[in-house]
Amino acid sequence: MNVIHRGRVLTTEESEELCKPFTAKEVETTLFSIPSNKSPGPDGFTSGFYRAAWSIIKNDVTAAVLDFFDSGKILKQINATNITIVPKVSCPNGVSDYRPIACCNVIYKVISKLLTQRINEVLSMLVSSNQTAFVKGRSIMTNLLICQDLVRNYHRSRGPARCLMKIDLQKAYDLVDWGFVNAMLRGLNFPDRFINWLMLCVSTTRFSVLINGHPKGYFQGQRRLRQDDIMLFCKADEESTGLMMQKFEEFARVSGLEVNRMKSQVFFSGVREGQKVALIQKLGFAEGQLPVRYLGLPLISKKLSPGACQPIIDKIHQRIGSWATKFLSYAAWDDVCVPRKEGGLGVKQLLHWNKAALGKLVWNICQHQESLWVKWAQVVLLRGEHFWKVKIPTDCAWTWRQVLKLRPLLKNIIWMQVGDGRQVSLFYDWWAGELRFCELISKDEIAVWGHDLTVSEWWDGLDWTIPDSFVRRHPMLVQIIRCQKLSQQVDKAGAFSRDIDSSFGWYCGVD
């Protein structure tokens, strides 16, 4: 617990907020947020039934949900779950070729979603920025982007000796110890009442297995938290790999997790054959070959090729093929992509969707979002250069190249609210109308003043504090700067405010 208290824990006020009373309105809103087509639990009712009959059953359902939070008890019938298994491959041969799917009762879903909503309010403050899965406001894609950058050029025999360990956790959802979860929550200063609610939900579950559509058995759940594969990057020497595995195994002992050495792999770059053999023997992992799948996508060390993405393409073809034989008639792709309300199927145009996803990365950089990938981009990819001015490198990851290529399209549809000016670049951002000072001042001179100079650094709260040397060198620009007056309002024109943070926005309806 001493280690936990070195980081962020909940304050007294935040703990109390978690246990504030739930309302009938929250129950209704949460229930109606569950899609109607979700599979029913053991009681046989979908959320669609509850929504259709809400005027009749509203009071009873609300009372059942709120009673859980008031009494701290849950009926075993409510927390009963059916397990159905779905094949992960076209021709399954064993249990490992199936994926278990839990079908819960709607009332339990409402309870768990209410708890999730509360915990989401504090989760981002407690979980470090390198953990992106299941944290509101973060995207698991950022981990994939960083890993892709790290494995770039791993195929080369020259360069610094590096290694990547892909750790497979042995049946992680069966091994996490409930005592460890309880201790972690207490160490993070979660209130006892909230911990009791959570532990009731996860530790009192009873399962039946659906066999040919009929439930069989009724057994108590034990431990069922899921953990994705872990990627560990370090220097390829015995000291670094040894320390990395030592600390991970210490964590495994207290958490109940175990490393599956048979499925774990190690990848090398710039390592001599003799050193490889020594490290493999010490780790007990097999040597892997790139590309390797991570979070469902291939990690590659070379230029992205059609062959690297072929498994994904094959899976899409297989899925669409199965649809075509059952439900779909052939139609023009443009018609399929028309919104449903206009008579189409609402399928996303992949080219547009990809640009939107890349645009989100640009947005995160502009907003200086507190994410590991934005920090990575600023330190490793931009290296002190400004995003809107940096040249596209000749040797960079495909994703970063596509992000930079998107700038001409995006720069015309982004507008700024200067606010207090602390996040607005004086030289590179559009804060003085349509003008960017970097287009009128040389790169060398900007380097003298500082590429990261912000508007707020030349404003003291009452007036401009422009250095005399800049005034003498650029009198016309100084006049433009001094025309920008401080205001308590913020608008598209970029008016200032001492009380409002800087921010960005999109112009809507621009082709």
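All residue numbers in this chain count up from 1 along the given sequence.
- When all heavy atoms are compared, the tightest approach of Ala236 to Gln275 is O-NE2, 3.6 Å.
- In this structure the side chain of Leu164 reaches within 4.5 angstrom of the side chain of Met231, judged on heavy atoms.
- Between the side chain of Asp168 and the main chain of Ser264, no donor-acceptor pair closer than 3.5 Å is present.
- Between Arg152 and Asp395, at least one side-chain N (NZ, or NE/NH1/NH2) sits under 4.0 Å from a carboxylate O, which counts as a salt bridge.
- For the atom pair OG of Ser157 and CD of Glu273, the computed distance is 11.5 Å after rounding to the nearest 0.5 Å.
- The two atoms that bring Leu404 and Lys391 nearest to each other are CD1-O, 4.3 Å, heavy atoms only.
- Side-chain N or O atoms of Arg261 include one that pairs as donor or acceptor with a backbone N or O of Leu283 at under 3.5 Å.
- Rounding to the nearest 0.5 Å places CG of Asn364 at 9.0 Å from SG of Cys366.
- Within a 6.0 Å radius of NZ in Lys282, other residues, nucleotides and ligands contribute more than 12 heavy atoms.
- In this structure, Glu17 does not pair ionically with Arg118, as no charged nitrogen and carboxylate oxygen lie closer than 4.0 Å.
- Taking CD1 of Ile83 as the reference point, atom SG of Cys103 lies at 9.0 Å (rounded to 0.5 Å).
- At least one donor-acceptor pair closer than 3.5 Å links the side chain of Arg138 to the backbone N or O of Ser124.
- How far CD1 of Ile481 is from CG of Leu426: 5.5 Å, rounded to the nearest 0.5 Å.
- Under a cutoff of 6.0 Å and an axis angle of 45°, Arg162 and Phe268 do not form a cation-pi pair.
- Between the side chain of Arg407 and the backbone N or O of Val362, no donor-acceptor pair lies under 3.5 Å.
- The environment of CD in Glu239 is sparse: at most 12 heavy-atom neighbours from other residues, nucleotides or ligands sit within 6.0 Å.
- Lys443 and Glu385 are joined by a salt bridge, as a carboxylate oxygen and a charged side-chain nitrogen come within less than 4.0 angstrom of each other.
- Counting only distance, with no hydrogens or angles, the side chain of Arg436 and the backbone of Tyr428 share a donor-acceptor pair below 3.5 Å.
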- request: Report the C-alpha distance between Lys20 and Glu14 in whole Å, list the side-chain angles of each, state the deciding distance to 0.1 Å, and finish with yes or no for salt bridge (charged side-chain N to carboxylate O under 4.0 Å, His left out).
  value: CA-CA 10 Å; Lys20 68 181 182 182; Glu14 289 166 345; over 6 Å; no

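- Gln289 and Phe267 make their closest contact through N-CE2, 3.3 Å (heavy atoms, listed as atom of the first residue, atom of the second, distance).
- Heavy-atom minimum distance, Ile280 versus Glu287: CD1-CB, 3.8 Å.
- Checked against the 6.0 Å centroid threshold, Trp376 and Trp400 do not count as a close aromatic pair.
- In this structure, the separation between CG on Leu115 and SG on Cys201 is 5.0 Å, given to the nearest 0.5 Å.
- The aromatic rings of Phe470 and Trp449 stand perpendicular to each other, their planes meeting at an angle above 60°, with 30° marking the opposite boundary.
- Residues Ile300 and Leu290 are not in side-chain contact: their nearest non-hydrogen atoms beyond the backbone lie 4.5 Å or more apart.
- Side-chain rings of Phe437 and Phe427 stay apart, their centers remaining 6.0 Å or farther from each other.
- Between Leu279 atom CG and Met165 atom CE the span is 9.0 Å, to the nearest 0.5 Å.
- Across all non-hydrogen atoms, the minimal contact from His451 to Ser425 is O-OG, 4.2 Å.
- Checking side-chain atoms of Arg156 against main-chain N and O of Asn153 turns up no donor-acceptor pair under 3.5 Å.
- His155 and Ser301 get closest at one heavy-atom pair: ND1-OG, 3.1 Å.
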